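Okay, structure first, notes after.
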Amino acid sequence: MSQVRVRFAPSPTGFFHIGSARTALFNWLYARHTGGVFVLRVEDTDQARNSEEFLNLIYDSLTWLGMNWDEGPTVGGNYGPYRQSERAPIYKEYLQKLFDAGRAYEKDGAVWFKLLGERTEVYDDHRKKAVTKVANAPAVIEDQIRGRVERIEDEDFVIVRSDGNPVFHFVNVVDDIAMKITHVIRGEDHLSNTSKHVELFKAFGAPVPVYAHIPLILKQNGPGKMSKRDQGALIEDYQKRGFLPEALVNFLCLLGWSPKDDREKMPIAEVIRLFDLPGVNQSNARFDEKKLAHMNMSYLLELPADRFVALARAQYERQAATPALAADPAYFREVVLLSQPKIKALEELPAYTAYFFTEEFSIDAKVREKVLAKGEPGARLTELAGLLATADFSTDAAIEEAIKGLAMIKGLSFGDYQPVARLAVSGTNAGPSITSLFRVLGRDRTLARITRFLATL
RNA sequence: GUCCCCAUCGUCUAGCCCGGUUAGGACACUACCCUUUCACGGUAAGAACCGGGGUUCGAAUCCCCGUGGGGACGCCA
């Protein structure tokens, strides 16, 4: 069998979203699995809605997610150009073939594709108008995911608009022929278009590609498929929020596909090895951001320190967290690494670590109330301040030993000091271990915060 | 309205093709353990075969009909 050639064919008319990314991913996976070619083709025939900005977003998002294209804009290839707006001569040539074969005609200034078969006028209830139906034989779609699907295409359809621009069905098929596409992997929403496409392939005398209509991604709340306007739909957002591309890709792989064993978190190379079209599910999948977050946390956890710090810095920059960015780099690094095992996404970092970078942090009222209700917090804090004034701050272990020593003398435990100390120093009940907190903050700031807090009791 | 696709825990899914399982895993939820808070981690619990017919000794699994969900029906892609 000849080499597999698949394509991802987005139109730059809006933000790049989860559904598109998943379609691109399944194409890319199949190409990599088979040693085939992944083509990127830009379907920018809708001149009114295209934008260069959206196009760049597609390039950026694909690149960020690690899906490199073998042929397409910016990389070239033997079947270019790869932007439909630059392929007008090719469409003209193919259109002429249709005219020559008697399979196209003009009407109302547009060009229509002519179906073969007997014609009758019928009133269409849905569109509220009379239409010409053609007694056509069913188009057969051999689908790798759904099996054999038959659908009758029974109306002629426009292939070139009256303004001279060719429409999607036409250019899509022409390009698939011209670019020698062997497998068409796309969303199930295209399944009912496929009969049009099959008719066109046949009219051109070209082999019909193998189809694989993948299930759609449904919005997490409410009915219907996910659209660009839905919460959590945009790839760009995950990038901005500090999700890891490898986590997002891993999660996306699992929406409609699974390795058939109990593995979920797996390296992309392993997914490439196992991925195949018949293994793709037939039913739609609902998007679950909680599961994505869990996946992301697990990837975040195993990130090497240097990379984590670099990504964290980029995140603080995105969120314009200036006090942190102005801090000493070594201090910044320490704070950020302390927080690495605590967060689900990088976007939580600036708020989570705020008190490390300013004395103006707020005290959580609920936590304050809860902590102050137990024991003798004031006394504990005073004792602790006395201890810390001279304690060894060089290591966590040294601080821990000191506090435990104090607790033992007082007949108390570490846990009697921990909550109120944390509240005084960070204003919250969540964070790294209290010993790390003291050590990183240093003696002076720790004592100052405790003193200041004591004054509010 | 017409046509097409689909149907296992709340969600993502394994099992279905090649009928016989205590219907498995993960996320979420709950409890407990670990623990210096918060997380992580560990253990446990609850939680599903859409309904009805058929075929069969036996159906989540095969067939049919309902129902439900999704999609398409543009001179959008």
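Within every chain, numbering begins at 1; the chains are lettered A, B, ... in the order of the sequence lines, protein sequences first and strands thereafter. Because the structure is a prediction, the values reported are computed rather than measured.
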pair_partner(B/A7), Watson-Crick or wobble, both distances < 3.5 Å, evaluates to B/U67
- Task: Using a strict 4.0 Å threshold on nitrogen-to-oxygen distance, state whether A/Glu188 and A/Lys225 make a salt bridge.
- Result: no
Contacts satisfying side chain to side chain donor-acceptor pair (under 3.5 Å) that involve residues 398-413 of chain A (not counting sequence neighbours) are A/Glu400-A/Lys404, A/Ser413-A/Asp416
Report, one line per pair, each donor and acceptor closer than 3.5 Å where one atom sits in a side chain of residues 418-425 of chain A; sequence neighbours left out.
{"residue": "A/Gln418", "atom": "OE1", "partner": "A/Arg422", "partner atom": "NE", "Å": "2.7"}
{"residue": "A/Gln418", "atom": "OE1", "partner": "A/Arg422", "partner atom": "NH2", "Å": "3.1"}
{"residue": "A/Arg422", "atom": "NH1", "partner": "A/Pro432", "partner atom": "O", "Å": "2.9"}
{"residue": "A/Arg422", "atom": "NH2", "partner": "A/Pro432", "partner atom": "O", "Å": "2.8"}

Under a 3.5 Å limit on both distances, the Watson-Crick or wobble mate of B/A23 is none
Under a 4.0 Å heavy-atom criterion, the protein footprint on nucleotides 64-70 of chain B, written with B, S and -, is ------B
note: A/His169, atom NE2; B/A72, atom P; distance rounded to Å ~ 12 Å
Taking B/C40, B/U36, B/A26 as options, the one with an atom nearest any side-chain atom of A/Leu301 is B/C40
With the side chain defined as heavy atoms from C-beta on, A/Glu43 is closest, among B/C6, B/C4, B/A77, to B/A77
What is the nucleic acid contact for A/Asn172, judged by heavy atoms within less than 4.0 Å: base, sugar-phosphate only, or nothing?
nothing
Exercise for review: Classify the angle between the aromatic ring planes of A/Phe204 and A/Tyr94 as parallel (below 30°), tilted (30 to 60°) or perpendicular (above 60°).
Suggested key: perpendicular
If you look at every strand shown and take non-hydrogen atoms under 4.0 Å, does A/His213 touch a base, only sugar-phosphate, or nothing?
nothing
*Measure from the ring center of A/His197 to the ring center of A/Phe168 and say whether it is less than 6.0 Å.*
yes
Contacts satisfying salt bridge (Lys or Arg N to Asp or Glu O under 4.0 Å) that involve residues 431-442 of chain A (not counting sequence neighbours) are A/Glu334-A/Arg439, A/Asp396-A/Arg439
Atom CG of A/Asn250 and atom P of B/C27 are separated, to the nearest Å, by 13 Å
Note: contacts of residues 252-261 of chain A with RNA chain B (heavy atom, under 4.0 Å) are A/Leu254, A/Leu255, A/Gly256, A/Ser258, A/Lys260
A/Arg41 CZ to B/A77 C1', in whole Å, measures 11 Å
**OP:** Could you check whether A/Ala110 gets within reach of a base, just the sugar-phosphate, or nothing at all, counting any heavy atom under 4.0 Å?
**Re:** base
Residues in residues 288-298 of chain A with a heavy atom under 4.0 Å of RNA chain B, by number, are A/Asp288, A/Lys290, A/Lys291, A/His294, A/Met297
Determine, for A/Phe453 and A/Arg449, whether the Lys NZ or Arg CZ falls below 6.0 Å from the six-membered ring centre while staying within 45 degrees of the axis. no
In numerical order, the residues of residues 333-352 of chain A whose heavy atoms come under 4.0 Å of RNA chain B are A/Lys342, A/Tyr352
In whole angstroms, the gap separating P of B/U37 from CZ of A/Phe438 amounts to 14 Å
Per nearest nucleotide of RNA chain B, the residue lying toward the 5' end, A/Ser433 or A/Lys129, is A/Ser433
Applying the 3.5 Å cut-off to both distances, the Watson-Crick or G-U partner of B/A44 turns out to be B/U30
note: A/His197, atom NE2; B/A72, atom P; distance rounded to Å ~ 13 Å
Salt bridge (Lys or Arg N to Asp or Glu O under 4.0 Å) pairs touching residues 365-376 of chain A, sequence neighbours excluded, are A/Glu376-A/Arg380
Across every strand shown, the nucleotide meeting Watson-Crick or G-U wobble geometry with B/C17 (both distances under 3.5 Å) is none
Using atom P in both nucleotides, what's the gap between B/A77 and B/A72 to the nearest angstrom? 15 Å
- Item | Basic-acidic side-chain contact under 4.0 Å: A/Lys291, A/Asp288 | no
| query | Within the modelled atom types, does a donor on one side and an acceptor on the other bring the side chain of A/Thr435 and the base of B/U36 under 3.5 Å apart? | reply | yes
Next item on the list: Using the P atoms only, state how far B/U55 lies from B/G15, rounded to an integer number of Å.
Entry: 29 Å
Per the O4'-C1'-N9-C4 / O4'-C1'-N1-C2 angle with a 90° window around 0, B/C9 comes out anti
Give one of base, sugar-phosphate or nothing for A/Arg49, where a contact means two heavy atoms less than 4.0 Å apart.
base
By the Watson-Crick or G-U definition, both distances under 3.5 Å, B/A72 is matched with B/U2
Rounded to whole Å, CZ of A/Arg127 lies from P of B/C3 at a distance of 14 Å
**Request:** Quick one: label A/Glu400 by what it contacts on the DNA or RNA (base, sugar-phosphate, nothing), any heavy atom closer than 4.0 Å.
**Result:** base
Taken to the nearest whole Å, CG/A/Asp262 to P/B/A26 is 7 Å
Enumerate all atom pairs, one protein N or O and one N or O from nucleotides 42-49 of chain B, separated by less than 3.5 Å.
none

Enumerate all atom pairs, one protein N or O and one N or O from nucleotides 30-32 of chain B, separated by less than 3.5 Å.
none

Assign each of A/Ala430 and A/Arg146 the nucleotide of RNA chain B bearing its closest heavy atom; nearer the 5' end lies the nucleotide of A/Arg146
Taking atom C1' in both B/U67 and B/G25, compute the distance separating them and give it to the nearest angstrom. 30 Å
- Item | Verdict with supporting geometry, A/Glu246 and A/Arg307, salt bridge (charged side-chain N to carboxylate O under 4.0 Å, His left out) | CA-CA 13 Å; A/Glu246 51 269 47; A/Arg307 180 150 181 248; 3.0 Å; yes
- When you compare B/C5 with B/C9, how far apart are their P atoms, in angstrom units rounded to a whole number? 22 Å
Among B/C73, B/G71, B/A77, the one nearest any side-chain atom of A/Thr45 is B/A77
In short, A/Val167 meets A/Arg161 closest at the heavy-atom pair CG1-CG, 3.7 Å
Expected string for nucleotides 16-21 of chain B under the B/S/- scheme (protein heavy atoms, under 4.0 Å, primed atoms plus P, OP1, OP2 as sugar-phosphate) is ------
Would a distance-only check, ignoring hydrogens and angles, find a side-chain to backbone donor-acceptor pair under 3.5 Å from A/Asp108 to A/Ala110? no
For A/Tyr299 and A/Met266, the nearest pair of non-hydrogen atoms, with its separation, is OH-O, 3.4 Å
* A/Gly431 near the nucleic acid: base, sugar-phosphate alone, or nothing, with a heavy-atom cut-off under 4.0 Å? -> base
Side-chain N,O (A/Asn50) to OP1/OP2 (B/A77) below 4.0 Å
no
With rounding to the closest Å, how many angstrom separate the P atoms on B/C4 and B/G58? 34 Å
State whether A/Phe157 and A/Lys196 meet the cation-pi test: NZ (Lys) or CZ (Arg) under 6.0 Å from the six-membered ring centroid, and within 45° of the perpendicular axis.
-> yes
Per the under-4.0 Å heavy-atom filter, residues of residues 157-168 of chain A near RNA chain B come out as A/Val158, A/Arg161, A/Ser162, A/Val167, A/Phe168
Side-chain atoms of A/Arg422 come closest, of B/A72, B/U37, B/U13, to B/U37
Tell me whether the NZ or CZ atom of A/Arg7 lies within the 45° cone about the ring axis of A/Tyr79 and under 6.0 Å from its centre. no
* To do: Can you tell me, in whole Å, how much space there is between the P of B/C18 and that of B/A28?
  => 38 Å
